Amino acid sequence: MKRVLITSAIPSVNGVKHLGNLVGSMLPADVFARFCRARGYDTLSICATDEHGAPIELAAAEDGIAVKEYCDKWHAVQKDLGDRFGLSWDHFGRSSSPQNRALTEHFARALWKNGLLEVRTTKQAYSATDGRFLPDRYVIGTCPHCGYDRARGDQCENCTRVLDPIDLIDPRSAVSGARDIEIRDSQHLFLKQSKFVDKLRAWIAGHVHDWPVLVTSIANKWLDEGLQDRGITRDLEWGIPVPDDIAGGQLKGKVFYVWFDAPIEYIGATKEWADKNSLGDDAWRDWWYGDKAKDVTYFEFMGKDNVPFHTIIFPAMIMGTGEPWKLVDRLKGFNYINYDGGKFSTSGKRGLFMDSALEILPADYWRYYLMANAPESSDSNFTWEHFAGVINKDLADVLGNFVNRVTKFCVARFDGKVPSEGVYGEDENALCAELDRRVAQYTDYLEALEFRKALGELRAIWVAANEYITRSAPWTHFKNDRAQAAVGIRMGLNLVHLFGHLAWPVMPNAARAIHHAIQDSPPVIPWPDEPMKEFLDQLEPGQAINPPDVLFAKITDEQVADWQLRFGGMGES
RNA sequence: GGCAGCGUAGCUCAGUGGUAGAGCAGGGGAAUCAUAAUCCCUUGGUCGGGGGUUCAAAUCCCUCCGCUGCUACCA
């Protein structure tokens, strides 16, 4: 059986994610995972919260709670929102887990043993008032180039020049405002990325045809600019401590850089999953390690900001262990979705976040819209008018109304049972032939991770059903040829049944409601692989149906106006 | 500054050498089962500007303009 491993870039634990975060990683990963399960593949879908890094430490401090407590709280919130969005992870882990700590230590030891890590002394900003080293971006001061007085230590926002905290005039702590910034020596571990350039280049060259241009161009850009060795430890309290047996204990009290342990958490979370279900070590290792994992196809989903970490640093780490860990096979990167012409912003609370999205509409509305307009070839733009137009036309009018008109007619004229009279003729054969093509195309697009095109094809399938029922016109035939009307409605009901199957990866709840109009559905609604002539002729005549209530309520102009007001935006960023 | 992506119909986007496309919006018609939902026909573009290669360019090359992103301690 085909084995498919799916990971989505792990979201930072701090706060509720916005729709931009969702559309580039978690949502497409879930649509694909559901599709794979529907096709009967052996599928493992993994995500987690990324719980390390200076911003998280500082956010906890701001809330006046311990970092552990902060992470517990927001992990639970994100898990709950994921569940409510229908994200069907096999496991939603935590990068702070003991499993990830053990694996991170393992990776570091293997890299150390292979001579691919080295200790270097770096100059770091330190504030005695804060009692801590400050990451570059947490030192602010006056830009030496343009005089902007709130330049960050890593870059001046005003003139965009890249800076070093040492360059700043009148430097101060962004945490406390303290001015006692001094530069101290600090020792850190560096990953000798420069040793991997040729290997990485060859590996990436092998994927120019199955990765998006976006991904290979970002990866090659990093290689072309020359890979610098990268610091993989930080002077922080919260994180995975560097074990004493590395570098003779010189790094006591330091933790690994968040981007060192975060990708390892894909593996860590898989071990968490195995442990939680008492499956034993082989259960997780067979997905990731050695010969048993060779038949696994590994898919990663992420926004473009994550691409360098997944095409350069993490692969270098894996290659550097010299151990047979799985490298990604298919890397799907996404651009950004903008909100009313500006950026989504977590800190600026601009845009639409997962919790408020669910307050106003069910998850499936968002799932459909976001995948149908996924930012695959370039950034895309969310506007309330466009959103309402798509939902109303595609979901309410084309799909929802089809289900409604067919089931209502069946109740009114055929006693709410699948009619038995008549036999399929030329029109039905032609429809089956068309749907054979279209369903195959839809399937191919999903296999190819072309979500926007896939959903366009799904929509075309719904349109084909409306065209058929118009040609078939059972409401006309009913008056003098009941058998002819029965054929149209029987096919109509079979089409509704088909829609329940086809929509499930994208809209699991709506798909279930549609399927329920015909009959109960299994937990995983399987993919309709058989010829349409068979699939669309399988409902038992005489079987009772359950006409649903309105499946998709239309969005009114008043709602659009209300939401625009409530969620701000309107072009300002 | 450097690099990358993008620029095609009013809007959102397909289209990598061979007669400019889809959906939505707009216009006309049909139908009346249905959430006034559907179906058919249709208006609409010198493919960001300019130059070049070619029998042929939205597509390849050069150049300019615009938007967006990245630029390694924000993930």
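Chain A is the first sequence line, chain B the second, and so forth, proteins listed ahead of strands; every chain is numbered from 1. Every value quoted in this text rests on a predicted model; they were computed, and no experiment measured them.
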Visitor: Remember a base hit wins even if backbone is also touched, and classify Y336(A) as base, sugar-phosphate or nothing at under 4.0 Å, heavy atoms.
Guide: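 Sugar-phosphate, no base atom in range.
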Visitor: Check the surroundings of atom NZ in K192(A): do more than 12 heavy atoms from other residues, nucleotides or ligands lie under 6.0 Å from it?
Guide: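 It does: K192(A) NZ has more than 12 such atoms within range.
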Visitor: Using the C1' atom as the reference point in each nucleotide, state the distance between C55(B) and U19(B) in Å, no decimals.
Guide: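 Looking at atom C1' only, C55(B) and U19(B) are 15 Å apart.
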Visitor: Hydrogens and angles aside, do E428(A) and Y468(A) bring a side-chain donor and acceptor to less than 3.5 Å of each other?
Guide: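 Judged by distance alone, the side chains do pair up.
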Visitor: For L134(A) and C74(B), what is the distance between atoms CG and P respectively, to the nearest whole Å?
Guide: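 Distance, rounded to whole Å: 13 Å.
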Visitor: From C-beta outward on F552(A), which listed nucleotide comes closest to its side chain: A75(B), U35(B), A31(B)?
Guide: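 For F552(A), the side-chain atoms sit closest to U35(B).
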Visitor: Heavy atoms only, 4.0 Å cut-off, all strands: where does E467(A) land among base, sugar-phosphate and nothing?
Guide: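 It contacts sugar-phosphate atoms only.
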Visitor: F409(A) on top of C33(B)'s base, within under 5.5 Å and under 30°?
Guide: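 Check failed, F409(A) does not stack on base of C33(B).
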Visitor: Suppose you measure atom C1' in U16(B) against the same atom in G10(B); what distance do you get, rounded to whole Å?
Guide: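 So the two C1' atoms sit 27 Å from each other.
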Visitor: Which nucleotide, in any strand shown, forms a Watson-Crick or G-U wobble pair with A14(B), with both distances under 3.5 Å?
Guide: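 Its partner is none (no Watson-Crick or G-U wobble pair with both distances under 3.5 Å).
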Visitor: Ignoring backbone atoms, establish whether R230(A) has a side-chain N or O less than 4.0 Å from OP1 or OP2 of C73(B).
Guide: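 Checking C73(B) against R230(A), a side-chain N or O does come within under 4.0 Å of OP1 or OP2.
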Visitor: Are the charged groups of K332(A) and E376(A) less than 4.0 angstrom apart, N to O?
Guide: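 Here K332(A) pairs with E376(A) in a salt bridge, since their nearest N and O are under 4.0 Å apart.
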Visitor: Over how many whole Å does the gap from L223(A) atom CG to U71(B) atom C1' extend?
Guide: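 To the nearest whole Å, that distance equals 15 Å.
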Visitor: Can you tell which of C24(B), C73(B), C6(B) lies closest to the side chain of P135(A)?
Guide: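 Ranking C24(B), C73(B), C6(B) by closest atom to the P135(A) side chain puts C73(B) first.
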Visitor: Does a side chain donor of either D185(A) or T121(A) reach within less than 3.5 Å of an acceptor in the other side chain?
Guide: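 No donor-acceptor contact under 3.5 Å links the two side chains.
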Visitor: Does the side chain of D210(A) come under 3.5 Å of the side chain of H207(A) through a donor N or O and an acceptor N or O?
Guide: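 There is such a pair (donor and acceptor under 3.5 Å, judged by atom type) between the side chains of D210(A) and H207(A).
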Visitor: Using a 4.0 Å heavy-atom cut-off, does D394(A) contact any base of the nucleic acid, only the sugar-phosphate backbone, or nothing at all?
Guide: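 Nothing: the residue D394(A), judged by heavy atoms under 4.0 Å, touches no strand.
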Visitor: Could you tell me whether the side chains of S380(A) and N373(A) share a donor-acceptor contact shorter than 3.5 Å?
Guide: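 No pair is found: no donor N or O on one side chain lies under 3.5 Å from an acceptor on the other.
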Visitor: For a quick check under 3.5 Å, do Y70(A) and D63(A) share a side-chain donor-acceptor pair by atom type?
Guide: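 Looking only at side-chain atoms, D63(A) and Y70(A) do not form any donor-acceptor pair under 3.5 Å.
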Visitor: Taking only N and O in the side chain of K453(A), is any of them less than 4.0 Å away from OP1 or OP2 of A22(B)?
Guide: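 No, because none of the side-chain N or O atoms of K453(A) sits under 4.0 Å from OP1 or OP2 of A22(B).
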Visitor: Can you tell me how far P of U35(B) sits from CD1 of I469(A), to the nearest Å?
Guide: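 Distance, rounded to whole Å: 15 Å.
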Visitor: With rounding to whole Å, what would you report as the distance between U46(B) and U38(B) at their C1' atoms?
Guide: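 Straight-line distance between the two C1' atoms is 37 Å.
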Visitor: When the distance from CG of L455(A) to C1' of A22(B) is rounded to whole Å, what number comes out?
Guide: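 Taking atom C1' of A22(B) as the reference, CG of L455(A) is at 15 Å.
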Visitor: Output the rounded distance in Å from OH (Y368(A)) to C1' (C24(B)).
Guide: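 Interatomic distance, OH of Y368(A) to C1' of C24(B): 12 Å.
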Visitor: Could you please name the partner base of A4(B), counting Watson-Crick and G-U wobble pairs only when both distances are under 3.5 Å?
Guide: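 In the structure as shown, A4(B) has U68(B) as its Watson-Crick or wobble partner.
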Visitor: The side chain of P55(A) lies closest to which of these nucleotides: U35(B), C73(B), A75(B)?
Guide: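 Per side-chain heavy atoms of P55(A), the pick is A75(B).
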Visitor: Please report, rounded to the nearest Å, how far the P atom of A37(B) is from the CZ atom of F402(A).
Guide: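 Rounding to the nearest Å, CZ of F402(A) and P of A37(B) are 18 Å apart.
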Visitor: What interatomic distance, in whole Å, is found between P of A72(B) and the corresponding atom of U53(B)?
Guide: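 After rounding to an integer number of Å, I get 42 Å for this pair.
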Visitor: Does the base of A37(B) carry an N or O that pairs as donor and acceptor with the side chain of D397(A) under 3.5 Å?
Guide: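 No, the side chain and the base share no sub-3.5 Å donor-acceptor pair.
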Visitor: Can you tell me the pairing partner of U32(B) across any strand shown, Watson-Crick or G-U wobble, with both distances under 3.5 angstrom?
Guide: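 Partner of U32(B): none.
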Visitor: Whom does G26(B) pair with, Watson-Crick or G-U wobble, provided both distances fall under 3.5 Å?
Guide: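 Across any shown strand, G26(B) pairs with U42(B).
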Visitor: Remember a base hit wins even if backbone is also touched, and classify K408(A) as base, sugar-phosphate or nothing at under 4.0 Å, heavy atoms.
Guide: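 Result for K408(A) = sugar-phosphate.
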Visitor: Under 4.0 Å, counting only non-hydrogen atoms across every strand here, what does G400(A) touch: a base, just sugar-phosphate, or nothing?
Guide: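 Counting heavy atoms under 4.0 Å across all strands, the contact made by G400(A) includes a base.
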Visitor: Using Watson-Crick or G-U wobble geometry with both distances below 3.5 Å, tell me the partner of A75(B), or none.
Guide: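 Its partner is none (no Watson-Crick or G-U wobble pair with both distances under 3.5 Å).
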Visitor: Is the shortest side-chain N to carboxylate O distance from D397(A) to K554(A) below 4.0 Å?
Guide: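 Yes.
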Visitor: With both distances kept under 3.5 Å, what pairs with A9(B), Watson-Crick or G-U wobble?
Guide: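 Paired with no nucleotide.
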Visitor: If only side-chain N and O atoms of R459(A) are considered, is one of them under 4.0 Å from the OP1 or OP2 phosphate oxygen of C24(B)?
Guide: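 For R459(A), the contact criterion (side-chain N or O under 4.0 Å from OP1 or OP2 of C24(B)) is met.
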Visitor: Please measure how far the C1' atom in G7(B) lies from the corresponding atom in U12(B), and state the result in whole Å.
Guide: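 Result for the C1' pair: 14 Å, nearest Å.
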Visitor: Could you tell me the separation between the CG atom of N466(A) and the C1' atom of A31(B), rounded to a whole number of Å?
Guide: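 Taking CG of N466(A) and C1' of A31(B), I get 13 Å after rounding.
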Visitor: What integer number of Å spans the C1' atoms of C61(B) and U71(B)?
Guide: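 My reading of the C1' atoms in C61(B) and U71(B) gives 28 Å.
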Visitor: How far, in whole Å, is A20(B) from A57(B) if one measures between their C1' atoms?
Guide: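 Result for the C1' pair: 12 Å, nearest Å.
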Visitor: Output the rounded distance in Å from NZ (K304(A)) to C1' (U68(B)).
Guide: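 Whole-Å distance recorded here is 6 Å.
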Visitor: Reckon R234(A) touches a base, only the sugar-phosphate, or nothing at all at heavy-atom distances under 4.0 Å?
Guide: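 Base contact - R234(A) has a heavy atom under 4.0 Å of at least one base atom.
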Visitor: Quick one: look up who U54(B) pairs with, Watson-Crick or G-U, both distances under 3.5 Å, and put none if it's unpaired.
Guide: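 When the pairing criteria are applied, nothing turns out to pair with U54(B), so the answer is none.
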Visitor: Using the C1' atom in both, what is the distance from C67(B) to C60(B), to the nearest Å?
Guide: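 Rounded to whole Å, the distance is 24 Å.
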